[in-house]
Each structure stands twice: as structure tokens, then as C-alpha cells.
*Asks:* 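What follows is a single structure, and I will ask about it in a moment.
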Amino acid sequence: MVITFVSLSLTGCASYDYDAKVKLGDKMISVVGESLEGTQVSIPEDFKGNKTLLIFGFIHKSQFDIDRWLIGLDMTQTKVDVYEIPTLKGMFPEMFSVFIDDAMREGIPKEIWKGVLTVYGDGEEVQRFTGNQKPKNARVMLLDENGTVIHFYDRGFSVDALNDLRAKLN
């Protein structure tokens with residue numbers, strides 16, 4: 001019973017479906033995340049001066065799509081700062097954030113902890129902005145040097161989508 005309650009509490013917080021509101025040319029909303037190293041990061045403020053790729057995931061099953069994006073970027077030797085951003089909303093994920101982050105650290109090599117930024121407190125705002133329908137799909141957002149959205153994709157990985165993203169980096 002307790003396990004069921006905790007499971008529902010952690011996953012049931014995604015009960016509201018939001019359509020994506022993000023439009024190309026919009027500024028990325030300001031949110032705070034924390035790297036698995038323990039460093040607090042202000043998004044997009046801490047990324048000013050560089051094009052930055054943010055890959056948002058809302059549920060554990062998003063990881064498959066995120067991994068395909070990361071492998072595709074690596075295989076094509078795409079040069080861009082990339083951050084994987086697990087984004088959880090609701091009171092219960094925030095309460096259990098230490099346990100969730102520890103579980104992620106167990107499965108992620110320490111050398112890439114800096115590039116994994118978990119968003120808890122601002123999770124709802126991120127999901128309202130990017131949309132959260134089809135939560136298994138990663139939200140792939142490219143920001144210009146000023147934090148403006150110049151690319152957004154939320155339909156799952158495809159080679160065409162990767163090539164479209166890469167074209168916007170030139």
C-alpha cells in the first residue's frame with residue numbers, strides 16, 4: 001500500500017496535459033535546476049553567450065528518446081553545449097528529490113553529472129511552456145546566445161529532426 005501511494009504520488013503529478021506554448025523567437029522562461037554535481041543553475045541566464053541545447057524529459061521512459069538524441073548528436077559530432085533536464089512537477093517529487101537524484105547518479109557516469117540539471121520547483125512552469133502531452137518524447141530546445149528559442153521539437157527522435165537541428169547551428 002505504501003509503495004503504491006509513493007508510486008502514484010511520484011507519477012500522478014503529471015495529470016494535467018498542456019499544449020506547447022513555446023514559439024520560435026520566444027525567450028526561454030527562467031527556471032532553476034540543480035546539476036547532479038550539486039550546482040544550482042539558472043536557465044537560461046547561466047547559458048548566455050553560447051548556443052545551448054536543452055533536452056527535457058518528464059518521465060523515466062523519456063530516457064530512451066533522450067539517449068537517441070544524445071547518441072545522434074555524438075555520432076554526427078555536433079558541437080553545441082547540451083544539457084539533459086529531467087523536469088518533475090509537484091510536491092512529492094520535490095520532497096523525494098534527494099532519493100531521485102541519488103538514483104540518477106547511480107546510473108549516470110560522474111563525468112557527465114554537470115550536464116544533467118534536474119528541475120523540481122519550476123517543473124510545472126517548464127511543462128506548461130514546452131507542453132507535456134506524449135511525455136515519453138523528449139522536448140529538444142535550442143537557445144541562441146541570448147536565451148531565445150531558435151529550435152523546438154517534441155515528436156520523438158528522427159534523423160530528419162536531428163538534421164534540421166544541426167542546420168540551425170550553422
Side-chain angles (χ1 to χ4, degrees), residues 10-31 33 35-36 41 43-44 46-89 93 100 103-109 111-120 122-170:
L10 293 174
T11 60
C13 296
S15 60
Y16 296 105
D17 287 336
Y18 301 118
D19 291 326
K21 293 181 182 171
V22 63
K23 304 278 186 266
L24 299 184
D26 284 351
K27 287 281 193 187
M28 169 59 191
I29 61 171
S30 293
V31 299
S35 75
L36 291 181
V41 178
I43 304 166
D46 289 345
F47 303 139
K48 296 235 174 178
N50 296 310
K51 285 185 178 175
T52 305
L53 185 64
L54 309 177
I55 305 177
F56 297 93
F58 302 141
I59 62 173
H60 186 268
K61 290 184 178 183
S62 304
Q63 193 63 52
F64 179 73
D65 197 34
I66 292 168
D67 289 345
R68 292 188 300 169
W69 278 99
L70 294 173
I71 291 167
L73 292 164
D74 184 60
M75 296 300 292
T76 57
Q77 299 179 1
T78 302
K79 303 293 181 213
V80 65
D81 294 336
V82 179
Y83 292 89
E84 180 179 342
I85 307 181
T87 305
L88 305 169
K89 66 177 185 166
I100 295 168
M104 284 192 282
R105 284 184 195 98
E106 286 181 16
I108 297 172
E111 59 269 16
I112 61 174
W113 286 2
K114 182 173 100 174
V116 179
L117 310 175
T118 308
V119 173
Y120 291 104
D122 295 326
E124 177 119 12
E125 289 79 19
V126 170
Q127 290 188 30
R128 283 180 193 263
F129 186 62
T130 65
N132 64 358
Q133 296 181 351
K134 296 190 177 182
K136 291 181 190 176
N137 293 352
R139 274 50 179 175
V140 179
M141 182 183 298
L142 180 63
L143 305 179
D144 72 5
E145 297 82 358
N146 298 309
T148 300
V149 180
I150 57 175
H151 179 82
F152 180 73
Y153 191 80
D154 64 354
R155 296 180 305 193
F157 177 81
S158 75
V159 173
D160 287 341
L162 174 63
N163 289 334
D164 187 39
L165 167 66
R166 288 172 45 78
K168 297 200 173 110
L169 287 166
N170 298 325

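Predicted model, so just to flag it, every value in this text is computed and none were measured. Just the heavy atoms: all of them, side chains too, but no hydrogens, waters or symmetry mates, feed the values below.
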*Asks:* Considering non-hydrogen atoms only, spot the tightest contact between Tyr83 and Lys114 and give its length.
*Replies:*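 So the two residues come closest at CE2-O, 3.9 Å.
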
*Asks:* For residues Phe56 and Val126, determine if any side-chain heavy atom of one lies less than 4.5 Å from a side-chain heavy atom of the other.
*Replies:*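 Contact flag for Phe56/Val126 side chains = yes.
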
*Asks:* I need the Leu53 CG to Asp81 CG distance, nearest 0.5 Å.
*Replies:*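 Nearest 0.5 Å value for the CG-CG distance: 9.5 Å.
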
*Asks:* Taking the side chain from Arg155 and the backbone from Ala161, do they hold a donor-acceptor pair closer than 3.5 Å?
*Replies:*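 Side chain of Arg155 to backbone of Ala161, a donor-acceptor pair under 3.5 Å: no, none is there.
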
*Asks:* Taking the side chain as every heavy atom from C-beta outward, state whether Trp69 and Tyr153 have any pair of such atoms under 4.5 Å apart.
*Replies:*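 Yes, close enough: below the 4.5 Å cut-off.
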
*Asks:* Report yes if the side chains of Phe47 and Val41 come closer than 4.5 Å at any heavy-atom pair, otherwise no.
*Replies:*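 A side-chain contact exists here, since the closest heavy-atom pair is under 4.5 Å.
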
*Asks:* So does Ala138 get a backbone contact from the side chain of Asp65, meaning a donor-acceptor N/O pair under 3.5 Å?
*Replies:*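 Yes; at least one donor-acceptor contact below 3.5 Å.
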
*Asks:* OG of Ser30 to CG of Asp46: how many Å apart, nearest 0.5 Å?
*Replies:*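 Nearest 0.5 Å value for the OG-CG distance: 10.0 Å.
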
*Asks:* Which of these, Val82, Val149, Leu54, Leu169, sits in a side-chain contact (heavy atoms from CB on, under 4.5 Å) with Leu142?
*Replies:*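 Looking at Val82, Val149, Leu54, Leu169, the match for Leu142 under the side-chain contact (heavy atoms from CB on, under 4.5 Å) is Leu169.
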
*Asks:* Taking the side chain as every heavy atom from C-beta outward, state whether Lys136 and Phe64 have any pair of such atoms under 4.5 Å apart.
*Replies:*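 Sidechains of Phe64 and Lys136: no contact.
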
*Asks:* Hey, does Val80 have a side-chain heavy atom less than 4.5 Å from the side chain of Thr52?
*Replies:*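 No - every pair of side-chain heavy atoms lies 4.5 Å or more apart.
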
*Asks:* So which atom in Leu117 and which in Pro86 form the shortest heavy-atom distance, rounded to 0.1 Å?
*Replies:*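 Minimum heavy-atom separation between Leu117 and Pro86: O-CD, 3.4 Å.
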
*Asks:* Can you see which heavy atom on Leu24 is nearest to which on Phe152, and at what distance?
*Replies:*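 So the minimum-distance heavy-atom pair works out to CD2-N, 3.8 Å.
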
*Asks:* For Lys27 and Phe129, which heavy atoms make the closest approach, and how far apart are they?
*Replies:*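 Heavy atoms of Lys27 and Phe129 come nearest at O-CZ, 3.7 Å.
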
*Asks:* List the atom of Gly123, the atom of Thr87, and the distance in Å for their closest heavy-atom pair.
*Replies:*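 Closest approach of Gly123 to Thr87: CA-CG2, 3.6 Å.
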
*Asks:* With rounding to the nearest 0.5 Å, note down the distance linking CD1 in Ile55 to CD1 in Ile85.
*Replies:*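 Answer rounded to 0.5 Å: 9.0 Å.
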
*Asks:* Calculate, to the nearest 0.5 Å, the distance between atoms CZ and OG1 belonging to Phe58 and Thr130 respectively.
*Replies:*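 So the CZ of Phe58 and the OG1 of Thr130 are separated by 3.0 Å.
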
*Asks:* Checking Asp154 side chain against Asn137 main chain: does a donor-acceptor pair fall under 3.5 Å?
*Replies:*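 It does not hold such a pair.
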
*Asks:* Is there a side-chain contact between Leu165 and Leu73, using heavy atoms and a 4.5 Å cut-off?
*Replies:*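 Answer yes - side chains close enough.
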
*Asks:* Check this for me: Gln77, atom CD, are more than 12 non-hydrogen atoms of other residues, nucleotides or ligands nearer than 6.0 Å?
*Replies:*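 No - once you tally the heavy atoms of other residues, nucleotides and ligands closer than 6.0 Å, there are 12 at most.
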
*Asks:* Contact between Ile59 and Ser62 at the side-chain level, heavy atoms closer than 4.5 Å - yes or no?
*Replies:*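 Result yes, sub-4.5 Å side-chain heavy-atom pair found.
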
*Asks:* What distance separates Arg166 CZ from Thr76 OG1, expressed to the nearest 0.5 Å?
*Replies:*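 If I round to the nearest 0.5 Å, the distance is 4.0 Å.
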
*Asks:* Tell me whether Lys21 at atom NZ has more than 12 heavy atoms from other residues, nucleotides or ligands lying less than 6.0 Å away.
*Replies:*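 Atom NZ in Lys21 is not crowded, with 12 or fewer foreign heavy atoms closer than 6.0 Å.
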
*Asks:* Can you see which heavy atom on Asp144 is nearest to which on Lys51, and at what distance?
*Replies:*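 Closest heavy-atom pair between Asp144 and Lys51: CA-CG, 4.2 Å.
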
*Asks:* Rounded to the nearest 0.5 Å, how far apart are OG1 of Thr118 and CG of Leu36?
*Replies:*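 The OG1 atom of Thr118 sits 5.0 Å away from the CG atom of Leu36.
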
